Undergrad: 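Before we start, here is the structure in question, set down as structure tokens.
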Number of protein chains: 2
Amino acid sequence: MTLDSETKAVELPEDHADELRLWLRLLTCTTLIEGEIRSRLRERFDVTLPRFDLMAQLDKAPDGMTLSDVSKRMMVSNGNVTGLVERLVESGHLDRRTSDTDRRVQVIRLTKLGRAEFRKMAAEHETWIADIFGDLTEKDVRELMRLLAKTKGSAQKAVQRRQD
Amino acid sequence: MTLDSETKAVELPEDHADELRLWLRLLTCTTLIEGEIRSRLRERFDVTLPRFDLMAQLDKAPDGMTLSDVSKRMMVSNGNVTGLVERLVESGHLDRRTSDTDRRVQVIRLTKLGRAEFRKMAAEHETWIADIFGDLTEKDVRELMRLLAKTKGSAQKAVQRRQD
DNA sequence: CCTAAACATTTTAGACTTAAAACATCTCGA
DNA sequence: TCGAGATGTTTTAAGTCTAAAATGTTTAGG
């Protein structure tokens, strides 16, 4: 290996066009699917995607979650969750109470109504997803799962590096 | 094949848990990476992601684009583009003029300032993407590209079916 | 030529989103 | 126990986003 080829990697700008294209394709896929789910949720149930997502988190936590938990799980800001929860409490889908052991903490749960409505939506939602990913074989799905897991790990390390 | 096994596929709810997990993982990856890019754009250039994305579209179109074109390419609503463009014209990054041949149409371009600033941001942006996807091998990238292309096609067909 | 439909954009009303600051509460060590 | 820092939530200001209605312009068919 010559000196030139060694320094090249360090000094000359490398070509990352492939990674850039990959990122744009990933973004396109997600935006496309998200938009479709959003449309169907509105048409069929007159509900927004963020509300559905929040209810989905709570459906998996019968004992409730704190706002911080929700914020971390949904990867959105704290303030965002505050407003979302406010509207869902208002509409009777959520119950909010201050924790008995720590008065800073708000614990939220699905109400009976909220759970019932969510379950109906979730059942249909699952068929939409199956429809949207319908062209993929089982092997495709497995392979995508594997590669996206690797991607997620790679991205998390990049986030970590920046925060150091 | 028995009658039971034939009717099963039609009448009984199928299990689409894998596709659902795949969708959630796809969404997680995109949200994670999008958040990271957003943070770095803000920290480093004090610019928002939608503005960067809009400038990226225009950088590829030296002769300008109509608002409709931009709206379709970015997969966002028309009204959204109107506001985004307004702010970027205000800050001197974009030039907007009514088409000579069709007074309904607004043609927007990067100004000299806009192009210069975008090029600086884009160069750094590309290194961030390379960093974020750094753990993937060339083969991983190729395979992801292929599977996401298939996913996109599948999703587009689902959108089409609904709109019929 | 006229006008109905198509098209491009803007406006409107409301929801979502973020980052940062403010506020409230808790924890822990001196 | 007292106060400093950590933690959980809300508030604030600004921007992004959508769907739907409104506005302005063009195009085509009669």
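Here is how names work: the chains are called A, B, and so on, in the same order as the sequence lines, proteins then strands, and each is numbered from 1. Worth saying up front: this structure is predicted, and the values here are computed from it rather than measured.
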Undergrad: What does B:Ser77 touch in the nucleic acid at a heavy-atom separation under 4.0 angstrom: a base, only the sugar-phosphate, or nothing?
TA: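 Touches a base.
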
Undergrad: From D:dT9, C:dC16, C:dC7, pick the nucleotide closest to the side chain of B:Arg104?
TA: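 Of the candidates, C:dC7 comes closest.
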
Undergrad: Would you indicate what A:Asn80 reaches in the nucleic acid, counting non-hydrogen atoms under 4.0 angstrom: base, sugar-phosphate, or nothing?
TA: base

Undergrad: Select base, sugar-phosphate, or nothing to describe what B:Asn78 touches, counting heavy atoms under 4.0 Å on all strands.
TA: base

Undergrad: Roughly how many Å is it from CD1 in A:Ile108 to P in D:dG8, rounded to a whole number?
TA: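 Checked: the CD1 to P distance equals 15 Å.
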
Undergrad: Measure the distance from CE on A:Met75 to P on C:dC16 and round it to the nearest whole Å.
TA: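 One finds 18 Å between P of C:dC16 and CE of A:Met75, rounded.
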
Undergrad: Contact class for B:Met74 (heavy atom, under 4.0 Å): base, sugar-phosphate, or nothing?
TA: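 If one applies the 4.0 Å heavy-atom cut-off, B:Met74 turns out to touch nothing in the nucleic acid.
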
Undergrad: Return the minimal non-hydrogen interatomic distance between B:Trp128 and B:Arg40, and the atom names on each side.
TA: CD1-NH1, 3.3 Å

Undergrad: Indicate whether OP1 or OP2 belonging to C:dT18 is found under 4.0 Å from a side-chain N or O atom of B:Thr48.
TA: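 Checking C:dT18 against B:Thr48, no side-chain N or O comes under 4.0 Å of OP1 or OP2.
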
Undergrad: Taking 4.0 Å as the cut-off, does a side-chain nitrogen or oxygen of B:Arg51 come that near to OP1 or OP2 on D:dA14?
TA: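 The answer is no; no side-chain N or O of B:Arg51 sits under 4.0 Å from OP1 or OP2.
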
Undergrad: Classify A:Thr82 by what it touches in the nucleic acid, base, sugar-phosphate, or nothing, heavy-atom distance under 4.0 Å.
TA: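 Contact class for A:Thr82: base.
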
Undergrad: Does C:dT10 have its OP1 or OP2 closer than 4.0 Å to a side-chain nitrogen or oxygen of B:Arg96?
TA: yes

Undergrad: D:dT18, OP1 or OP2 - any side-chain N/O from A:Arg42 closer than 4.0 Å?
TA: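 It does not, given that no N or O in the side chain of A:Arg42 lies less than 4.0 Å from OP1 or OP2 of D:dT18.
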
Undergrad: Going by atom types alone, do B:Ser71 and B:Asn78 pair a side-chain donor with an acceptor below 3.5 Å?
TA: yes

Undergrad: So which one's nearest nucleotide on DNA chain D is more toward 5', A:Arg38 or A:Gln106?
TA: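 Comparing both residues, the 5'-ward one is A:Gln106.
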
Undergrad: B:Glu90 CD to D:dG15 P: how many Å, rounded?
TA: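 Those two atoms, CD and P, are 10 Å apart.
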
Undergrad: With a 4.0 Å cut-off on N to O distance, would you call A:Glu143 and A:Arg146 a salt bridge?
TA: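 Judged by the 4.0 Å cut-off on N to carboxylate O distance, A:Glu143 and A:Arg146 do form a salt bridge.
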
Undergrad: Using a heavy-atom cut-off of 4.0 Å across all strands, would you classify B:Leu84 as base, sugar-phosphate, or nothing?
TA: sugar-phosphate

Undergrad: Between B:Thr101 and B:Val76, which residue's closest nucleotide on DNA chain D lies nearer the 5′ terminus?
TA: B:Val76

Undergrad: Ignoring backbone atoms, test whether A:Ser68 places a side-chain nitrogen or oxygen under 4.0 Å from the OP1 or OP2 oxygen of D:dT9.
TA: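 The answer is yes; a side-chain N or O of A:Ser68 sits under 4.0 Å from OP1 or OP2.
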
Undergrad: Rounded to whole angstrom units, what separation is found between the CD atom of B:Glu86 and the C1' atom of C:dT12?
TA: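 Interatomic distance, CD of B:Glu86 to C1' of C:dT12: 13 Å.
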
Undergrad: Rounded to the Å, how far apart are A:Arg40 CZ and D:dA19 P?
TA: 14 Å

